[in-house]
Structures are given as structure tokens and as C-alpha cells.
Protein chains: 2
Amino acid sequence: MTTTSNPSGRARGNVVTITDVAKHAGVAASTVSYVLSGKRTISATTRARVMASIRTLGFHPHAGARSLASNKANVIALALPLRPGMHLPILMQFAMAVLTGARSVEHDVLLLTADEGAAGVRRIAGSALVDGLILMDVETHDPRVPTLLELDRPSVLIGLPASADGLTCVDLDFAAAGAACVQHLAALGHQEIALLGAPQVVYDRDTGFARRTRDGVMEAARTAGLTAVARPCEPTYAAALEALRSVPHATGLIVHNEAAVDHVLTALRELDRRVPDDVSVVAICPDEIAERATPALTSVPIPASEVGRRAVELLMAKLDGVTVPNVTLLAPNLTVRSSTGPITH
Amino acid sequence: MTTTSNPSGRARGNVVTITDVAKHAGVAASTVSYVLSGKRTISATTRARVMASIRTLGFHPHAGARSLASNKANVIALALPLRPGMHLPILMQFAMAVLTGARSVEHDVLLLTADEGAAGVRRIAGSALVDGLILMDVETHDPRVPTLLELDRPSVLIGLPASADGLTCVDLDFAAAGAACVQHLAALGHQEIALLGAPQVVYDRDTGFARRTRDGVMEAARTAGLTAVARPCEPTYAAALEALRSVPHATGLIVHNEAAVDHVLTALRELDRRVPDDVSVVAICPDEIAERATPALTSVPIPASEVGRRAVELLMAKLDGVTVPNVTLLAPNLTVRSSTGPITH
DNA sequence: GCGGGTTGTCGAAGCGCTTCAACAGTACGC
DNA sequence: GCGTACTGTTGAAGCGCTTCGACAACCCGC
């Protein structure tokens with residue numbers, strides 16, 4: 001029996017330490033450390049010997065000890081929202097992108113739920129368990145943001161709060177997305193454009209992405225010499241119907257409301273406006289939704305993987321002391337499907 | 001400027017240490033530690049003074065230091081599968097249950113992807129970053145299991161591999177679930193029962209849950225004196241149709257195949273067998289799917305939250321050195337909806 | 001063949017915490 | 001008033017790692 005029992009019942013195991021490796025290789029512990037970190041030049045022969053010992057002994061540096069000594073945990077926190085109504089596949093895409101991004105730079109990911117809120121952020125950051133955090137689905141007036149600012153752990157937000165001062169945010173460039181939709185419709189000859197957006201409350205809260213899309217649409221329409229109107233839209237059939245009735249002459253429709261897409265399509269069918277013959281529809285929504293709609297929708301997808309990847313990159317840059325822009329907006333990418341076509345009088 | 005810059009660029013911050021707290025409260029550092037852990041009796045007055053200092057200074061114990069000294073990280077790893085075709089909502093339910101369960105016992109959760117596989121398990125366990133691991137969606141011959149066995153970190157599997165020797169597994173009791181379906185149908189007067197199960201390959205792989213359901217169904221049917229047949233079923237319309245045609249006289253149908261549920265219902269409609277007038281259908285599937293089917297299906301749900309909670313409980317028990325059963329099977333819970341009714345000749 | 005740079009390695013200090021053995025102080029039974 | 005038994009607190013050791021300064025050993029130009 002070589003295992004020494006310990007009070008906690010947790011396995012101390014016969015943990016191989018850096019000293020064991022050093023002895024086995026006939027060098028100092030610090031040399032092993034330098035082999036591992038590459039922070040000092042080590043001769044090829046020594047390195048080889050050390051690496052061999054590491055392998056034969058099965059050495060894994062103790063994360064706690066490392067974090068204590070180096071002040072780096074090599075772990076980042078990911079705050080998942082999981083509010084009801086979130087679109088799970090997209091969420092997972094974000095999360096997976098963050099995970100693989102982190103792993104590719106030797107970092108692990110600690111999961112944080114949103115309902116821990118600011119307290120969770122404070123706890124995690126305070127304990128030095130993580131080097132930095134990524135917050136997903138940040139709201140305009142997110143209660144965690146003030147906490148984030150007073151803490152001095154680097155962080156990256158996915159989404160845009162009311163003010164990006166002192167923060168680092170990544171998101172799709174919704175203004176450009178709106179503009180891209182307009183330009184696509186304009187190129188097809190459409191003159192009257194309507195944006196069916198988020199519910200009114202979202203605008204009232206001054207939520208960044210909804211407002212930015214609207215501004216992008218209006219501005220692009222003005223530039224292209226088109227008429228455009230914007231209508232908030234609740235995610236219900238009745239609301240979709242009403243919104244559509246209020247824009248009877250629009251031949252180009254931009255729908256920026258995942259939850260309302262289906263209702264809008266149903267309402268159009270009800271109103272006998274055929275897609276794309278009578279009216280062209282562009283959606284700003286996950287590819288998934290656009291693809292399984294009937295007809296498949298021309299859309300600007302939310303580039304979840306790209307955003308997740310960028311978030312990690314930005315966080316790593318901050319951890320390395322590099323100054324990064326407060327706001328990173330990703331260029332939209334319009335995919336043409338069957339819901340848009342040239343105008344037919 | 002009070003912050004001292006450090007080479008890494010990572011914030012050392014003006015971290016409050018246990019010594020700072022001790023000084024502030026006029027006690028020894030060890031006393032503070034004992035106040036926090038409760039492992040020794042501390043007078044009420046001292047405790048109060050220490051707690052006050054902790055609060056005013058905003059002290060958070062350094063996770064790395066703690067893990068180094070105590071050999072406990074207070075972190076568990078959660079290995080998420082995310083194979084294509086996984087039912088995301090269920091997955092998230094599992095994950096959230098694990099998360100909240102862990103948090104309720106002061107543990108954090110580190111996310112591991114399945115595609116890191118055995119290497120990921122080894123890395124995480126070896127580095128002492130986590131105290132134990134929970135693996136979701138374990139396959140019958142999961143490549144991570146051997147690694148798990150040779151490591152000496154406690155772990156809990158959600159699902160059942162081929163052999164549970166030396167492991168701890170939690171899952172729904174699929175045999176009992178199958179039996180419950182049979183008993184429900186028997187009580188309604190059905191004499192001929194058919195199980196539409198997983199695709200053939202799943203049985204060929206000797207996958208635990210599929211086999212267990214089938215055995216449960218067959219055994220319960222025998223006991224109740226009913227005739228029962230089992231048919232594997234691909235998740236396609238054609239396969240569902242063919243399977244149904246092969247059991248023309250069955251009036252009680254048990255569907256244990258999330259992905260095939262809709263196809264089966266469509267096929268029944270096509271065959272002009274009305275539900276529940278001509279044939280009663282019980283599904284073993286997430287509530288979600290059962291509820292949004294037409295008609296709403298009587299079903300035995302997969303109790304994801306319960307399983308997640310139990311997994312954490314079991315892991316904590318193991319961490320405390322308590323011996324736990326190798327296999328924990330949760331009792332099924334049949335919910336009656338509109339897809340089953342008394343037999344009508 | 002002697003200063004002045006590199007290069008490769010080492011020993012020791014110290015990161016912030018837990019835990020152990022030790023020890024004052026108080027309480028109590030006799 | 002003495003031993004015995006707690007109770008509450010302490011100082012020191014040590015967890016496994018990184019990092020700093022020191023220092024041999026070597027190479028070079030002269």
C-alpha cells in the first residue's frame with residue numbers, strides 16, 4: 001500500500017511532482033520548469049532528457065501550485081445566460097467556440113450561470129480561479145457590468161451594453177447587417193422597404209442591437225433613395241399580421257426577430273402575399289431558422305462561432321497586456337436563399 | 001498609482017490575503033482559516049471580528065493557494081458530449097442541474113468537450129484542477145472509461161457503459177420505464193404490444209439503455225400475459241412505416257426513439273390508424289417532444305434534472321470517502337396525455 | 001591567455017493557504 | 001489548591017510550482 005490516506009478522503013494519489021521529474025532527469029526543479037515554459041534557453045540534450053522523464057513518470061503540473069506561483073490560472077470563466085427563450089443551438093455554438101478557442105491557447109473554461117449574477121462574477125474573479133471572463137448575451141443595462149468595471153480582471157462581453165466605456169465588446173455589426181439587407185433588396189429593384197424588428201419594449205430599453213439594426217436600415221435606405229419604415233413587432237401571429245397590414249405597399253421585408261419569423265411568414269400567407277413573388281423577405285437570424293423556413297429565407301446569420309473565437313482572442317490579448325478596441329463589430333454576411341427575388345409589377 | 005505592474009500583464013491586483021485579514025482583526029492567520037473552514041472551535045467574538053474584517057477588506061481566498069494547501073480544488077469537471085443529433089434542451093437540463101447542484105455545495109464546474117476525449121480527462125485529472133468529474137452521455141464502450149479507471153479521481157457517469165465495475169453510474173431505469181409503459185397499456189386493455197426502439201446499430205453495439213428498455217418491455221409483457229414484439233426503428237419516415245406495417249395487430253405502441261416519434265405519428269396517420277382510438281402510443285422521450293406532438297403523447301420522460309442532481313450528490317459522496325452504489329437507476333414516471341386510451345373493438 | 005559577453009543550470013525565496021502540534025487560559029472535580 | 005480536561009488561539013511547516021539572481025563554463029577578439 002503506497003497511498004497515504006489523508007483526512008479529506010480526496011486522492012492525494014502518488015502525485016508526481018516537478019521535483020520527482022528533476023531527480024529522475026538529474027537536473028534542478030527550476031530547469032524542469034524552464035523546459036516546460038521555455039522562458040530560458042535550455043540545451044537540446046537537457047530538454048530531451050527532461051521531456052523523457054516527464055513522459056515516463058507521467059508528470060502533470062499541479063494547477064493550483066502553478067496558479068499560486070505564477071499568478072495565472074490558465075482558466076477563463078464563461079457566463080452562460082440561459083434565460084428562457086434563448087435560442088439554444090446558437091448559444092451552444094457560442095459556448096463551443098469559446099471552449100475550443102480557449103483550449104487552443106491552453107486555457108480551460110469554467111462555467112458560470114447568469115443567475116449567480118454580479119455575485120458570481122465577484123466570487124470567481126476574487127478567488128483568482130480564473131484569469132478573465134467572457135460574458136455572453138450582455139444586456140443593455142446588465143447588472144454585472146458595474147461589478148466587472150470595479151474588478152480588475154480582464155473581461156470580454158458578447159453583445160453591447162449601453163456604454164462600452166472601459167469594456168471590451170464583440171458582436172455582429174447589426175447596422176451593417178441592416179444595410180446589407182437593404183442593399184440586397186435595392187439591387188433586386190425594391191423601392192419600399194419595411195423593417196419588422198424587435199418588440200417595442202426592446203427599443204424602449206434602448207437595446208443596442210435592435211436600435212443599431214434600425215439605424216443601419218434607415219441610413220442605407222436613405223442612401224439608396226428608397227423609402228423605408230420600421231415597425232416593432234411582438235413575436236405573435238396577431239402582431240405580425242398587424243405590422244404587415246400597416247405596410248401594405250412594402251415589397252421588401254426585413255425581419256429582425258427570430259421569434260417572429262414564422263409568424264410573419266404565416267401572416268403573409270394569410271394575406272395572400274406570396275414570397276418571393278409579391279414580397280421579398282430577408283431575415284436577420286440563425287441560419288438554422290432561415291433554412292427550415294418555407295421558403296428558405298435569404299438571411300444574415302449571427303456568426304456565433306466567429307464571435308466566440310474573437311472573444312477568446314480579445315481576452316487573451318488583454319491578458320497579455322495588449323490594448324484592444326472597446327468594440328469589435330463583425331461584418332455581416334448575407335446568404336441568398338429562396339425568399340428574395342426581383343420585383344415583379 | 002497603487003498597482004504594481006507585473007511581467008505577465010495579468011492583474012496581481014492589490015489582492016487581500018489571509019494575513020491582511022488576520023492583521024486587521026488582530027489574530028493569527030490560522031485563526032482566520034479556522035473561522036472560514038469551521039474545523040476548529042472559535043469563540044463567537046473572535047469569529048465576529050474576523051468576519052467583519054473579511055467583509056471590510058473584501059477578502060476572497062485564493063483558489064490556487066487553497067487547492068495547493070488543502071488538496072481540494074472545489075471544482076468538478078463536466079464532460080459535455082455535443083455529438084450531432086443530441087437533443088440540446090435535454091443536454092442543457094443535465095448541465096444546468098449539475099451546475100446548480102455543484103454550486104449548492106460550493107463547487108464550480110469546469111467544462112470539458114467530448115472531443116478532447118481520454119486525453120482531456122487525463123489532463124484535467126492529472127493537473128488537480130478538479131476534484132472529480134462527471135461524464136455525460138457515456139457510450140457502452142466509451143474510450144474515456146479505461147482512462148477513468150486508471151486515474152484515481154472520483155467520477156460519476158451519466159449513462160451506463162458495458163460494465164459498471166469500479167465506476168459510479170446514474171441513469172433512468174429504462175427497464176422499469178419499459179415495464180411502466182406495458183403496465184399502462186395493459187391496464188387499458190391492450191393485448192398486443194409493439195416496441196419501436198432504437199435503430200438496429202444501437203442494439204448491435206449492445207448499447208445499455210436500448211437493450212434494457214426492450215428487456216423491461218418483454219419481461220413486463222410476459223408477466224402481464226400480453227404478446228409483445230420489439231422492432232428496431234431508424235429515424236426515418238420509411239422505416240417507421242415499415243416497422244408499423246410489420247405489427248398490424250398491435251394496439252399498444254411503445255416508442256423509444258426521440259428522433260422517430262414524429263415519423264411514427266405521421267406514418268400512423270398515413271395508415272389511417274387513429275391515435276388513441278385505433279392504437280395507443282406511449283413514448284419514452286423528453287416531455288417537450290411528448291407535449292408538442294399531435295396528439296400530446298403519454299410518455300415516460302428522461303428526468304434530466306434529477307439525474308444531474310444525483311450525479312453531483314454521488315460525486316460529493318465519493319469525494320467524502322463514502323462508498324456509493326455502482327449503479328443508481330431512477331424510477332420512471334409515466335405521464336398520461338392524450339395518446340393512450342382504452343381499447344375499442 | 002585575458003577581459004567581456006553568452007549560454008545553460010542551479011539554489012533559494014516565496015506565492016497564499018491549511019493543518020498540526022503546542023500551549024496558555026479557564027473550569028471543574030476532589 | 002492540585003491535577004485533569006477542555007477551549008481557543010498561535011506559530012511554523014509545507015503544499016508544488018515559478019522566478020530571480022548567481023554563477024560556472026564556454027566562446028570570442030585581441
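Here is how names work: the chains are called A, B, and so on, in the same order as the sequence lines, proteins then strands, and each is numbered from 1. Computed from a predicted model, the values in this text were never measured in an experiment. Just so you know, these numbers use all the heavy atoms, side chains as well, and skip hydrogens, waters and symmetry mates.
- Separating the CZ atom of R47(B) from the P atom of dG8(D) is a distance of 9 Å, rounded to the nearest angstrom.
- A donor and an acceptor atom never sit less than 3.5 Å apart when one is taken from the side chain of R66(A) and the other from the base of dT18(D).
- The phosphate of dT9(C) (OP1 or OP2) has a side-chain N or O of S43(A) nearer than 4.0 angstrom.
- A donor-acceptor contact under 3.5 angstrom links the side-chain atoms of S30(B) to the base of dG11(D).
- Below the 3.5 angstrom threshold, one finds no donor paired with an acceptor across the side chain of R40(B) and the base of dT7(D).
- Taking the side chain as every heavy atom from C-beta outward, L315(B) and I134(B) approach each other to under 4.5 Å.
- Between L36(B) atom CG and dC17(C) atom P there is a gap of 9 Å when expressed in whole angstrom units.
- Atom CD1 in I42(B) sits about 19 Å away from atom P in dC6(D), given to the nearest Å.
- Note on T17(B): every side-chain N or O is 4.0 Å or more away from OP1 and OP2 of dG16(C).
- Nucleotide dT18(C) holds its P atom 12 Å from the NE2 atom of H62(B), rounded to whole Å.
- Checking dC17(D), dT19(D), dT10(D) against the side-chain heavy atoms of T31(B) singles out dT10(D) as nearest.
- Atom NZ of K23(B) is separated from atom P of dC17(C) by 12 Å (rounded to the nearest Å).
- Computed from coordinates, the L68(B) CG to dG14(D) C1' distance equals 9 Å when rounded to whole Å.
- Residue N74(A) contributes atom CG, which lies 13 Å from atom C1' of dT18(D) at whole-angstrom precision.
- In terms of phosphate contacts, S70(A) brings no side-chain nitrogen or oxygen within less than 4.0 Å of OP1 or OP2 of dT18(D).
- Scanning atom types as modelled, no donor and acceptor separated by under 3.5 angstrom connect the side chain of Y34(A) and the base of dC17(D).
- Residue K39(A) has a polar side-chain atom (N or O) positioned under 4.0 Å from OP1 or OP2 of dT19(D).
- Between the side chains of T46(A) and S43(A), at least one donor-acceptor pair of N or O atoms lies under 3.5 Å.
- Using a 4.0 Å heavy-atom distance criterion, S37(B) is classed as making no nucleic acid contact.
- Using a 4.5 Å heavy-atom cutoff, the side chains of L112(A) and I124(A) are in contact.
- Both A65(B) and A28(B) sit near DNA chain D, but only A28(B) has its closest nucleotide nearer the 5' end.
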Check: Is there a side chain to side chain donor-acceptor pair (under 3.5 Å) between K72(B) and S67(B) once you walk through the steps?
Finding: CA-CA 5 Å; K72(B) 263 172 241 167; S67(B) 131; over 6 Å; no
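- Rounded to a whole Å, the CG atom of N71(A) is 12 Å from the P atom of dC17(C).
- At least one side-chain heavy atom of M316(B) sits under 4.5 Å from a side-chain heavy atom of I76(B).
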